[in-house]
Amino acid sequence: MANEIQNEPQEQEIDLIDLMGRACRWTGNLISKICKTIIYFIIRNRYWYLLLFVIIGALTAISYIMREKVYTCNMIVETRRVPTADVINLVNQWNYNNNNNNIQSVRGCYLLDFNKDGVADKIEDYQSKEVTDTSILNKRMNGRFVVEAQLRNATDRTVLNDVKNKLFDYLNNDPWVIDRNKIIIAEQKNMIARIEKEMAQLDSLKTTEYFTENNQYKLDKSGGLMMVNEKDKHLYHNDIISLLGQKQSIERNLYDEPFKVIQDFSEPMQEDNNLIAILKLMLILGLIFGTLIIIIIDNRKYLKELIVKSDDSKK
C-alpha cells in the first residue's frame with residue numbers, strides 16, 4: 001500500500017512531462033508546416049513576386065524623383081530667462097519672410113533627455129505621437145531647445161545665417177521677452193544688493209565677545225572661581241566666501257543676452273523623404289497588398305468554382 005502511494009506522484013510527473021513534450025512537438029510541427037507552406041507558396045509564385053519587386057522598385061524611383069527634396073538642419077539654443085515652452089511657441093508663430101525661396105519652414109522643437117544626465121539624447125518629432133505622449137513630455141529638457149530649418153537646396157547654406165540673425169532679432173525684440181528680461185534683471189540686481197549688504201554685516205563682525213559685562217565670575221559651592229556666560233568664538237570667513245560665490249554666479253548671467261547658440265546649424269544636413277525611407281514604405285505596402293493579390297491569383301480556379309456554385313444555387 002505504501003509503495004502504491006509513493007508511485008502515484010512519479011506516474012503523475014511522467015504524464016506531465018509527456019504532455020509537455022507532445023505540446024512542444026505539436027507546436028514545432030505546426031510552425032514547420034506553416035514555414036513550408038509559405039516557402040512553397042513563394043516558390044510556386046516566384047514570377048509574380050519578381051514582377052511585384054520590379055513594380056515596387058519602379059514606384060519607389062518615380063516617387064523619389066517626383067517628390068520635392070527637403071533637407072533639415074538643426075540649431076541648439078539655450079534660453080536663460082524665458083521658459084522653454086514659451087520660446088518654442090514664439091518660434092513656431094514666427095513667419096520667416098525672405099526673397100530666397102530655399103527655406104521651406106522654420107520651427108522649434110524640444111530636446112529629449114531620457115536618462116536625465118543633462119545631455120540631449122533625441123530631438124522630439126514635431127509631427128509624431130511624442131508630442132502627446134505623457135512619458136515623453138517628462139523627458140523634455142528645460143533651458144534648451146532646437147530650431148529646425150528645412151531647406152529645398154542643400155548646397156545653398158548662406159540663407160541659414162539670415163534665418164539665425166532674423167530669428168534672434170525677432171525673439172529679442174518681442175515685447176513679452178523684453179518685459180520678462182527687465183523683471184529678471186531687476187530681481188538679480190536686488191539679490192546682488194542684498195548679498196553685498198549681508199557680506200558687509202558679516203565682515204564688520206571681526207570677533208565675538210567671550211563674556212558678558214556683568215556676572216562674568218561667581219563662586220561655586222567649594223569656594224572656587226567659576227566662569228559663566230561663555231560664548232563660542234565664531235569666524236565668518238566661510239559664510240562670506242559662500243555669499244561671494246552666489247554673487248559671482250548671479251553676475252555672470254546678469255548682462256548676458258536671453259538666448260545663446262550652443263550649436264549652430266548642423267552639417268551635413270539630413271534629407272527628409274530620402275530614398276531608403278521611401279523604399280521601406282513601398283516594400284511594406286507592396287508586400288501586403290501584392291501578397292493579397294497573388295493569393296487571389298493563385299487560388300483563382302477555386303474562387304471561380306465557388307462563384308459558379310453560388311450562381312447555380314441561386315437558380
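- Atom CG of residue Leu287 and atom CE of residue Met282 lie 12.5 Å apart, to the nearest 0.5 angstrom.
- Using modelled atom types, one side-chain atom of Asn29 and one backbone atom of Arg25 make a donor-acceptor pair closer than 3.5 Å.
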ask   = Can you check side chain to side chain contact (heavy atoms under 4.5 Å, CB included) on Tyr64 and Leu279, steps first, answer last?
value = CA-CA 9 Å; Tyr64 180 72; Leu279 180 59; over 6 Å; no

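- Here the CD1-CD1 distance, from Ile39 to Ile42, works out to 7.5 Å after rounding to the nearest 0.5 Å.
- Applying the side-chain contact (heavy atoms from CB on, under 4.5 Å) test between Tyr110 and each of Arg140, Lys139, Lys122 identifies Arg140 as the sole match.
- Arg81 is listed as a side-chain neighbour of Ile185, based on a closest heavy-atom distance under 4.5 Å.
- Put simply, CG on Asn45 and CG on Leu51 are 12.0 Å apart, with the number rounded to the nearest 0.5 Å.
- Residues Leu52 and Tyr49 have side chains in contact (heavy-atom distance under 4.5 Å, counting atoms from C-beta outward).
- Atom CG of Leu30 sits in a crowded spot, with more than 12 heavy atoms from other residues, nucleotides or ligands closer than 6.0 Å.
- Under the 4.5 Å side-chain criterion, counting only non-hydrogen atoms from C-beta, Thr79 is not in contact with Leu171.
- Rounded to the nearest 0.5 angstrom, Ile295 CD1 and Trp48 CH2 are separated by 14.0 Å.
- Side-chain contact check for Leu243 versus Lys247: every heavy-atom pair is 4.5 Å or farther apart.
- A heavy-atom distance below 4.5 Å is found between the side chains of Lys164 and Asp264.
- Listed by chain and residue number, Asp169 satisfy the side chain to side chain donor-acceptor pair (under 3.5 Å) test with Asn173 (two or more places apart in sequence, or in another chain).
- Residue Trp176 places its CH2 atom among more than 12 non-hydrogen atoms of other residues, nucleotides or ligands, all under 6.0 Å distant.
- Val163 is connected to Val261 through a chain of hydrophobic side-chain contacts under 4.5 Å among Ile, Leu, Val, Met, Phe, Trp and Tyr, so both are in one cluster.
- For the pair Asp298 (side chain) and Ile294 (backbone), a donor-acceptor distance under 3.5 Å is absent.
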task = Start with the C-alpha gap between Asn102 and Arg152, add the side-chain angles, then the distance that decides, and say whether side chain to side chain contact (heavy atoms under 4.5 Å, CB included) holds.
result = CA-CA 5 Å; Asn102 190 20; Arg152 297 184 177 90; 3.8 Å; yes

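- A chain of hydrophobic side-chain contacts below 4.5 Å, direct or via other Ile, Leu, Val, Met, Phe, Trp or Tyr residues, connects Phe168 to Val159.
- Counting only heavy atoms from C-beta outward, the side chains of Thr84 and Met141 never approach each other to under 4.5 Å.
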ask   = Does the pair Leu167 and Phe259 meet the rule for a side chain to side chain contact (heavy atoms under 4.5 Å, CB included), with working shown?
value = CA-CA 11 Å; Leu167 175 61; Phe259 309 103; over 6 Å; no

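- With contacts defined as side-chain heavy-atom distances shorter than 4.5 Å, the pair Ile123/Leu111 qualifies.
- Looking at Ser249, its side chain never comes within 3.5 Å of a backbone N or O of Gly245 through a donor-acceptor pair.
- Trp94 CH2: more than 12 foreign heavy atoms inside a 6.0 Å radius.
- When all heavy atoms of Gly286 and Ile56 are compared, the closest pair comes out as CA-CD1, 3.9 Å.
- Under a 3.5 Å cut-off, the side chain of Arg144 and the backbone N or O of Ile76 do not form any donor-acceptor pair.
- Hydrophobic clustering (ILVMFWY, side-chain heavy atoms < 4.5 Å, transitive): Ile55 and Ile293 are in one cluster.
- Atom CG of residue Leu244 and atom CD of residue Gln248 lie 4.0 Å apart, to the nearest 0.5 angstrom.
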message = Let's go through Glu148 and Arg107 carefully: what are the C-alpha distance in whole Å and the side-chain angles of both, what is the deciding distance for salt bridge (charged side-chain N to carboxylate O under 4.0 Å, His left out) to 0.1 Å, and is it a yes or a no?
response = CA-CA 5 Å; Glu148 283 191 355; Arg107 64 193 181 196; 3.1 Å; yes

inquiry  = side chain to side chain contact (heavy atoms under 4.5 Å, CB included), that's the test. Do Ile88 and Asn92 meet it? Break it down for me.
reply    = CA-CA 6 Å; Ile88 290 177; Asn92 291 334; 3.5 Å; yes

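- What you find for Cys109 and Phe145 is that their closest heavy atoms are O-CB, 3.5 Å.
- Each of Ile43 and Leu50 belongs to its own hydrophobic cluster when Ile, Leu, Val, Met, Phe, Trp and Tyr are linked at side-chain heavy-atom distances under 4.5 angstrom.
- To the nearest 0.5 Å, atom CE of residue Met75 and atom CG of residue Leu160 are 9.0 Å apart.
- Phe53 and Leu59 fall within the same hydrophobic cluster, where Ile, Leu, Val, Met, Phe, Trp and Tyr residues are linked whenever their side-chain heavy atoms come under 4.5 Å apart, directly or through other members.
- Glu198 is not listed as a side-chain neighbour of Gln246, based on a closest heavy-atom distance of 4.5 Å or more.
- For Arg22, the side chain to side chain donor-acceptor pair (under 3.5 Å) partners two or more places apart in sequence, or in a different chain, are Asp18.
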